[in-house]
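As structure tokens, the structure follows; a few thoughts come after it.
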Amino acid sequence: MNDKTTRNNSKFERDLTGKTFSHIDRIGKLMIFEFKNEPDLFLLSHLKMTGQFFYQNKSKVISGGGHSMTKEDSEALPNKHTRVFFELTNGSALFFNDMRKFGYLALTNLAGKNIAKSGYGPEPTATDFDYKKFHAGLSKKGRAIKAVLLDQTFIAGLGNIYVDEALFAAKIHPEKKAKDLTFKEAKAVSKAGGEIMLKSIASGGTTFQNFKDTGGQNGNYKDFLKVFGKQNTPCPRCKTIIKKIKVAGRGTHYCPRCQK
DNA sequence: CTTTCTGTTAGAAA
DNA sequence: ATTTCTAACAGAAA
């Protein structure tokens with residue numbers, strides 16, 4: 001929650017009190033909450049680096065007042081990283097936690113939601129993802145392929161972990177110029193990216209340090225990672241030691257032998 | 001102790 | 001126009 005939203009808390013509360021969540025949409029890493037009978041009201045939320053949503057049913061929601069610091073209480077919500085929480089009519093609650101405060105919740109209207117959506121490129125998970133168009137786009141980019149894959153306006157949804165994993169799957173060096181990818185490579189890396197995302201979603205995401213899902217569970221995709229965080233260990237394909245370098249300002253892991 | 005690193009991206013600078 | 005760098009923040013690790 002940034003300062004701007006904090007200052008607007010009372011308006012934020014006023015605008016949402018009595019409303020009913022009806023559906024949660026998404027584009028890239030942006031969550032879009034919709035409301036029953038409110039076609040011109042949307043709640044946008046981005047988790048950025050450390051944002052988390054937690055849902056607790058009635059029995060677990062604390063009612064306030066003094067309590068001892070037991071082990072169980074260490075997971076009590078709200079806690080010091082809780083920026084916003086919603087008390088729902090069935091007695092349960094939804095908490096938005098964000099240690100580093102980069103994430104946000106923001107109310108907007110239909111026009112605002114559409115503007116936000118228009119800033120995103122196609123999703124590699126889409127069944128109609130256009131590989132030809134993707135390759136044509138790459139051919140105009142002189143930067144490293146990794147930088148382009150992280151560019152949400154160009155292709156939506158991939159973050160640092162999955163870009164490294166997709167480049168490894170497609171055997172492409174992260175610093176290779178985007179324009180130098182063949183059609184075959186462009187198709188392979190975008191296809192791998194989409195498949196990796198879907199597999200990760202199916203296993204609850206990647207818990208790198210302290211990510212938890214809405215119910216407080218770790219993600220299990222870390223068990224499937226091939227190169228991310230695997231620097232100084234053998235490549236699962238060729239046993240060459242995985243390297244870690246910096247590309248586009250981000251920690252980048254790759255196999256110097258497999259990825260050309 | 002200080003420095004560097006971290007799952008993201010908007011906005012400034014080049 | 002496009003690309004790179006920096007800042008926003010808190011905490012863990014080196």
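The shown structure was predicted, so the numbers you read here are calculated from the model rather than taken from an experiment. Hydrogens, waters and symmetry mates play no part in the numbers below; they use all other heavy atoms, side chains included.
Regarding contacts with the backbone of B:dT6, a side-chain N or O of A:Lys244 is found under 4.0 angstrom from either OP1 or OP2. One finds a side-chain N or O of A:Arg143 lying less than 4.0 angstrom from the OP1 or OP2 phosphate oxygen of C:dT4. For the pair A:Lys80 and C:dG11, the criterion of a side-chain N or O lying under 4.0 Å from OP1 or OP2 is met. The side chain of A:Lys179 places no N or O atom within less than 4.0 Å of a non-bridging phosphate oxygen (OP1 or OP2) of C:dT2. The phosphate of B:dT8 (OP1 or OP2) has no side-chain N or O of A:Gln152 nearer than 4.0 angstrom. Side-chain nitrogen and oxygen atoms of A:Lys141 include none within less than 4.0 Å of the OP1 or OP2 phosphate oxygen of C:dT2. Side-chain N/O atoms of A:Arg250 include one lying less than 4.0 angstrom from OP1 or OP2 on B:dT8. Contact between the side-chain N/O atoms of A:Lys48 and the OP1/OP2 oxygens of C:dA8 is not found at any separation under 4.0 Å. Dashed line: the shortest gap from a side-chain N or O of A:His46 to OP1 or OP2 of B:dT8 is not under 4.0 Å.
Nucleic acid contact for A:Thr206: base, since at least one base atom lies under 4.0 Å from a heavy atom of the residue. Heavy atoms of A:Phe154 sit nowhere under 4.0 angstrom from any nucleic acid atom. Within 4.0 Å (heavy atoms only), A:Gly142 reaches sugar-phosphate atoms of the nucleic acid but no base atom. Across all strands, A:Gly249 comes closer than 4.0 Å to no nucleic acid atom at all (heavy-atom distances). Using a 4.0 Å heavy-atom cutoff across all strands shown, A:Gly205 reaches no nucleic acid atom at all. Counting non-hydrogen atoms under 4.0 angstrom, A:Lys246 reaches the backbone sugars and phosphates but no base.
Side chain of A:Asn97 to main chain of A:Gln52: no donor-acceptor pair is present (N/O by atom type, distance under 3.5 Å, no hydrogens or angles).
Here the separation of C:dC9 from B:dG11, taken at their P atoms, is 15 Å to the nearest Å. Nucleotides B:dT3 and C:dA7 have their P atoms positioned 15 Å apart, rounded to a whole Å. Comparing B:dT9 with C:dA1, their P atoms sit 23 Å apart, to the nearest whole Å. Taking atom P on both nucleotides, B:dG7 is separated from C:dA14 by 16 Å, rounded to a whole Å.
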Test ring pair (Phe, Tyr, Trp, His ring centres under 6.0 Å) applied to A:Phe54 and A:Phe96, step by step: CA-CA 7 Å; A:Phe54 294 116; A:Phe96 176 65; 9.9 Å; no

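Side-chain contact check for A:Lys260 versus A:His173: every heavy-atom pair is 4.5 Å or farther apart. By the 4.5 Å heavy-atom criterion applied to side chains, A:Lys146 and A:Tyr254 are not counted as neighbours.
Here B:dT8 presents its C1' atom at 12 Å from CD1 of A:Ile161, a figure rounded to the nearest Å. Atoms NZ (A:Lys101) and C1' (C:dA10) sit 8 Å apart, rounded to a whole Å. Counting to the nearest Å, the C1' atom of C:dT2 and the NZ atom of A:Lys177 are 13 Å from each other. Between A:Asp98 atom CG and B:dT9 atom C1' the separation is 13 Å, expressed in whole Å. B:dT8 atom P lies 9 Å from atom OH of A:Tyr162, rounded to whole Å. If you take CG of A:Asn232 and P of C:dA13, they are 18 Å apart, rounded to a whole angstrom. Put simply, CG on A:Asp151 is 13 Å from C1' on C:dA1, counting in whole angstrom units. With rounding to whole Å, A:Met99 atom CE is found 9 Å from B:dT6 atom C1'.
Pairing for B:dG7 is absent, judged as Watson-Crick or G-U wobble with the two contacts each under 3.5 Å.
Residues A:Lys140 and A:Met49 each lie close to DNA chain C; by heavy-atom proximity, the contact nearer the 5' end of the strand is made by A:Lys140.
The six-membered or imidazole ring of A:Phe129 lies near that of A:Phe134, with a centre-to-centre distance under 6.0 Å. Aromatic ring centres of A:Phe35 and A:Phe21 lie closer together than 6.0 Å.
When only modelled atom types and interatomic distance are considered, A:Tyr104 and A:Ser45 share no side-chain donor-acceptor pair under 3.5 Å.
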